[in-house]
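Data first, discussion second: the structure below is written as structure tokens.
Predicted model only: the values in this text are computed from it and were never measured. Here, residue 1 is the first one in the sequence, and each next residue gets the next number.
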Amino acid sequence: MEGFNHSRVSEFVLLGLTDSPELQTFFFVMFSVLYLITMLGNGLILLTVLSTPHLHSPMYFLLSNLSLIDMCLSSFATPKMIMDFFAERKTISFEGCISQIFFLHLFTGTEIVLLISMSFDRYIAICKPLHYSTIMSQRVCAGLVVTSWTVGFLHTMSQLAFTLYLPFCGPNVVDSFFCDLPLVIQLACIDMYVLGIFMISTSGVIGLISFLLLLTSYVIVLVTIKDHSSTGTSKALSTCTAHFMVVLMFFGPCIFIYVWPFTNFLVDKVLSVFYTIFTPFLNPLIYTLRNQEVKTAVKKKLSNQNLNLGKTTPRYPVQ
């Protein structure tokens, strides 16, 4: 490492989404609003679940953790991207670039396992309702969340294990609005094509396998409830369809980008926006705010908040 520290680049240049001033202004407004709504929506869900006793169930415990991860996933790169829209030269330090890679794979890896845990929860609730409270105990739920973060951490460390020691001494231009492994590895001063393809495609394969597992679980659930009442079937179908939409929007871009790395397609930027910005924005709407219990709890909390704000300090008459 000492041998090439002197030649390592100190920063990377991010090309961003576009160089058009008009589009940059439009994107600044759009992504600022989306980011604000994402943080407020997920924060409200997290606060509502934590402060509402009848929502202290396995499903809502997992959903609140999904909101937490979405807040983290939408924050690792979006604020910098928003600020960079008006920067003449969009740069990020070497350490900042590595940090973005670390947090991206930490949060996406964690969310993948958490989504699988949530599908397992729905499978048990619908296919084995009599054993649900026994199987999905507090210890099991906590274990699933801890496992999600552990797998996410191990995944991101496996991706960075060799990246940190690569010699980056030449080009330093990243054709995106954040640092990602396929783009950064291409800038190394040694031939990383074969090893890079193997390491990055591994993430794509993991994502593809996880997606197939989730798809299988939803199919099993729908097959199980096909003989139930039409009302129950319709509700379960609606829930599974909504959940699968989120899964597709999250896994689709990840699989495309990581199964076929080192392809400088413009569509890669669009797909990156989907799983880092749009999915955290849509998750509260699709997963949680469609749920009647959560909607009622949120309305009650907002109503109580408005009542508290409406209270004024009593004024004493002037003597």
Side-chain angles (χ1 to χ4, degrees), residues 1-21 23-24 27-28 31-32 34-36 38-39 69-111 149 152-193 195-196 199-200 203 253-254 257-258 261-262 264 268-273 275-277 280:
M1 186 173 179
E2 295 291 339
F4 55 78
N5 263 348
H6 67 279
S7 62
R8 171 174 285 184
V9 298
S10 60
E11 65 180 16
F12 292 95
V13 177
L14 302 173
L15 295 184
L17 291 176
T18 179
D19 55 2
S20 167
L23 283 177
Q24 287 189 7
F27 285 150
F28 172 80
F31 289 127
S32 295
L34 285 178
Y35 179 69
L36 180 62
T38 298
M39 298 303 289
I69 295 174
D70 282 336
M71 293 173 70
C72 296
L73 183 60
S74 63
S75 298
F76 87 96
T78 305
K80 176 168 176 53
M81 177 192 68
I82 293 172
M83 292 187 295
D84 280 347
F85 280 127
F86 294 116
E88 292 185 7
R89 191 166 181 266
K90 305 172 178 63
T91 61
I92 184 171
S93 66
F94 178 85
E95 292 77 12
C97 185
I98 294 299
S99 297
Q100 283 193 340
I101 296 174
F102 173 84
F103 287 119
L104 170 65
H105 287 272
L106 171 64
F107 298 141
T108 53
T110 302
E111 183 154 337
W149 284 99
F153 178 77
L154 293 176
H155 168 68
T156 194
M157 291 306 296
S158 70
Q159 297 296 297
L160 291 179
F162 72 98
T163 309
L164 285 172
Y165 298 98
L166 292 176
F168 294 97
C169 54
N172 66 336
V173 177
V174 179
D175 189 13
S176 184
F177 61 94
F178 67 91
C179 290
D180 199 1
L181 202 58
L183 299 174
V184 173
I185 281 184
Q186 295 182 72
L187 303 178
C189 298
I190 58 175
D191 184 8
M192 287 295 301
Y193 187 80
L195 181 58
M199 288 298 298
I200 299 168
S203 297
C254 292
I257 291 173
Y258 289 98
F262 301 163
N264 294 319
D268 285 2
K269 289 185 180 182
V270 178
L271 294 177
S272 296
V273 169
Y275 74 86
T276 59
I277 299 176

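- From L187, atom CG reaches atom CG of N172 across 7.5 Å, with rounding to the nearest 0.5 Å.
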Take Y35 and S75 through the test side-chain contact (heavy atoms from CB on, under 4.5 Å) and record every step on the way to the result. CA-CA 8 Å; Y35 179 69; S75 298; 3.0 Å; yes
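- When all heavy atoms of C97 and V184 are compared, the closest pair comes out as SG-CG2, 3.7 Å.
- The two atoms that bring F31 and I82 nearest to each other are O-CD1, 3.7 Å, heavy atoms only.
- With F177 as the partner, the side chain to side chain contact (heavy atoms under 4.5 Å, CB included) test is satisfied by one option alone out of L15, L14, V273: V273.
- Considering only residues two or more places apart in sequence or on other chains, D84 meets the side-chain hydrogen bond (donor to acceptor under 3.5 Å, both in side chains) condition with K80.
- No side-chain heavy atom of P171 sits under 4.5 Å from any side-chain heavy atom of V173.
- In this structure, D19 and Q24 approach most closely via the heavy-atom pair CA-NE2, 3.6 Å.
- The aromatic rings of F168 and F12 lie perpendicular to each other, with more than 60° between the two planes, well past the 30° mark.
- Nearest heavy atom pair, residue P280 against residue S74, reads CB-CB, 4.0 Å.
- Taken to the nearest 0.5 Å, the CD1 atom of I101 stands 7.5 Å off from the CD1 atom of I185.
- In this structure, F102 has its ring center at least 6.0 angstrom away from the ring center of F76.
- Among residues two or more places apart in sequence or in another chain, the side-chain hydrogen bond (donor to acceptor under 3.5 Å, both in side chains) test is passed with T156 by none.
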Before giving the answer on side-chain contact (heavy atoms from CB on, under 4.5 Å), spell out for W149 and L106 the whole-Å C-alpha distance, their side-chain angles and the decisive distance to 0.1 Å. CA-CA 8 Å; W149 284 99; L106 171 64; 4.3 Å; yes
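- Here the CZ atom belonging to F85 is positioned 5.0 Å from the CG atom belonging to L17, to the nearest 0.5 angstrom.
- Proximity of the aromatic rings of F107 and F103 is defined here by a centroid distance below 6.0 angstrom, and this criterion is met.
- Nearest approach of Q100 to C179, heavy atoms of both residues: OE1-N, 2.8 Å.
- For the atom pair OG1 (T78) and CG (L73), the distance works out to 8.0 Å, reported to the nearest 0.5 Å.
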Passes side-chain contact (heavy atoms from CB on, under 4.5 Å), L104 versus Y275? Steps please. CA-CA 10 Å; L104 170 65; Y275 74 86; 3.7 Å; yes
Yes or no on side-chain contact (heavy atoms from CB on, under 4.5 Å) for L160 and H155, after CA distance, side-chain angles and deciding distance? CA-CA 9 Å; L160 291 179; H155 168 68; over 6 Å; no
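- Interatomic distance, CD of Q159 versus CG of L154, reported as 12.0 Å (0.5 Å rounding).
- Within the 4.5 Å cutoff, no side-chain heavy atoms of H105 are placed close to those of S158.
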Give the table of side-chain donor-acceptor pairs shorter than 3.5 Å for residues 86-94, with sequence neighbours excluded, one pair per line with atom names and distance.
residue : atom : partner : partner atom : Å
R89     : NH1  : E11     : OE2          : 2.9
S93     : OG   : G96     : N            : 2.9

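- Distance alone, capped at 3.5 Å, places no donor-acceptor pair between the E111 side chain and the I69 backbone.
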